[in-house]
Amino acid sequence: MSSYDHLKVTHDGHVATVEIDRPPFNHVSVELMKDLADALETLDGDGKTRAVVLCSAGKAFCAGADLVASGGIAGSGMGGIGSLYDQAVRLYAIETPIVVAVQGAAVGAGLGLALVGDFRVAAPEARFTANFVKLGFHPGFGLTHTLPRLIGQHRANLMFLTGRRVKAEDALAWGLVDEIAPLSDLRAAAGRLAQEIAENAPLAVVATRKTLRSDLAAAVRAQTMHEHEQQTLLRATEDYAEGVRAVSERRVGNFKGR
């Protein structure tokens, strides 16, 4: 198994666990997403992995992109946010079923990352946020396709247009998560669900999953292209600069519509 800067990959029989560990908040970067896609593609082809648990270290599952840090995603040395979405599409092309364990905040691109999985197990402390409008920004990571597909258009609209935080119990009721488990049992609960998948005939599981997901990767690719165009336009606005400041200062943005 290859070595990754912010990932740890372990095996328990036919179930692999991929842990993201990028302190303090597991912010996404092009490099991290590339490593994650590389790791999952390797597991796809290793001949033994039949299900994956995707989890992260620390209190936050993934706090999205660090837009406050110098350059943020746009300043990445690997081509910026468009390259990030190229890696996101690779994640949707993975053939092995993925169970995501969400222990805390899944924000923005972190919510997008959680939706890459087939199933989500959440701790009561988990929170799910599509907070892009609070940043003066447009949703990304394919969320405008994947979130409505999962919870319905109306509830997705509510999350997108308010930027509100959705608690674990509401996420369960909406179908955003499949199970709530105590924080102390979260990874074990995700592992049990992954094992329930892994004990079945692997060729049948992969074939059935392909049928169920249909052209999901292609749809996400098309949607991220549109999202990226809108983000590029909005990144040049005063509202975007104010939104990034407001979120970093934990206050409501003073938006001017320009």
Side-chain angles (χ1 to χ4, degrees), residues 1-9 18-45 52 54-58 60-94 96 98 100 102 104-117 129-132 135-147 216-236 240-241 243-244 247-248:
M1 183 67 65
S2 300
S3 137
Y4 306 100
D5 288 341
H6 298 292
L7 294 178
K8 180 181 179 182
V9 181
V18 179
E19 180 187 55
I20 299 169
D21 188 4
R22 189 172 188 246
F25 302 115
N26 298 312
H27 284 118
V28 299
S29 67
V30 178
E31 294 81 4
L32 176 62
M33 291 299 99
K34 181 181 183 302
D35 280 352
L36 181 57
D38 286 349
L40 291 173
E41 287 176 357
T42 298
L43 294 173
D44 259 1
V52 172
L54 175 62
C55 58
S56 58
F61 171 71
C62 175
D66 188 0
L67 299 172
V68 179
S70 177
I73 287 294
S76 169
M78 293 184 62
I81 201 162
S83 293
L84 179 79
Y85 294 159
D86 288 341
Q87 304 309 317
V89 172
R90 289 178 64 198
L91 300 180
Y92 279 99
I94 297 300
T96 305
I98 300 170
V100 182
V102 183
V107 180
L111 174 61
L113 181 59
L115 266 56
V116 167
T129 312
N131 68 333
F132 299 91
L135 289 159
F137 212 34
H138 188 282
F141 216 96
L143 275 165
T144 54
H145 178 80
T146 57
L147 189 61
L216 180 58
V220 169
R221 178 178 293 280
Q223 200 72 358
T224 55
M225 290 176 63
H226 169 76
E227 291 170 346
H228 187 204
E229 290 172 357
Q230 295 302 308
Q231 289 181 334
T232 299
L233 293 172
L234 289 171
R235 194 181 295 116
Y240 173 72
V244 172
V247 169
S248 68

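What you are looking at is a predicted structure, and each value in this text was computed from that prediction instead of being measured.
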Partners meeting ring pair (Phe, Tyr, Trp, His ring centres under 6.0 Å) with Tyr92 (sequence neighbours left out): none

Residues which pass ring pair (Phe, Tyr, Trp, His ring centres under 6.0 Å) with His6, listed by chain and number, not counting sequence neighbours: none

Shortest non-hydrogen contact from [X] toward [Y]:
| X | Y | answer |
| --- | --- | --- |
| Gly136 | Leu234 | O-CB, 3.8 Å |
| Asp35 | Asp5 | OD2-N, 3.9 Å |
| Ala39 | Val9 | CB-CG2, 4.3 Å |
| Cys62 | Asn26 | SG-O, 3.1 Å |
| Ser56 | Phe61 | OG-O, 2.9 Å |
| Phe137 | Arg235 | CZ-NH2, 3.9 Å |

Test side chain to side chain contact (heavy atoms under 4.5 Å, CB included) applied to His138 and Phe132, step by step: CA-CA 6 Å; His138 188 282; Phe132 299 91; over 6 Å; no

With sequence neighbours excluded, tell me which residues meet side chain to side chain contact (heavy atoms under 4.5 Å, CB included) with [X].
| X | value |
| --- | --- |
| Val89 | Val220, Arg221, Thr224 |
| Arg90 | Lys34, Ala37, Asp38, Glu41, Gln87 |
| Ala57 | Glu19, Asp21 |
| Ala109 | Val28, Phe141 |

His226-His145 aromatic ring centre distance below 6.0 Å: no

Contacts of type side-chain hydrogen bond (donor to acceptor under 3.5 Å, both in side chains), residue Thr144, not counting sequence neighbours: Gln223, Glu227

Test log, rule side chain to side chain contact (heavy atoms under 4.5 Å, CB included), inputs Leu7 and Leu36: CA-CA 7 Å; Leu7 294 178; Leu36 181 57; 4.2 Å; yes

Sole candidate of Val102, Val116, Ile98, Leu91 that passes side chain to side chain contact (heavy atoms under 4.5 Å, CB included) when paired with Leu54: Ile98

Leu113: which of Ile20, Val100, Leu32 passes side chain to side chain contact (heavy atoms under 4.5 Å, CB included): Ile20

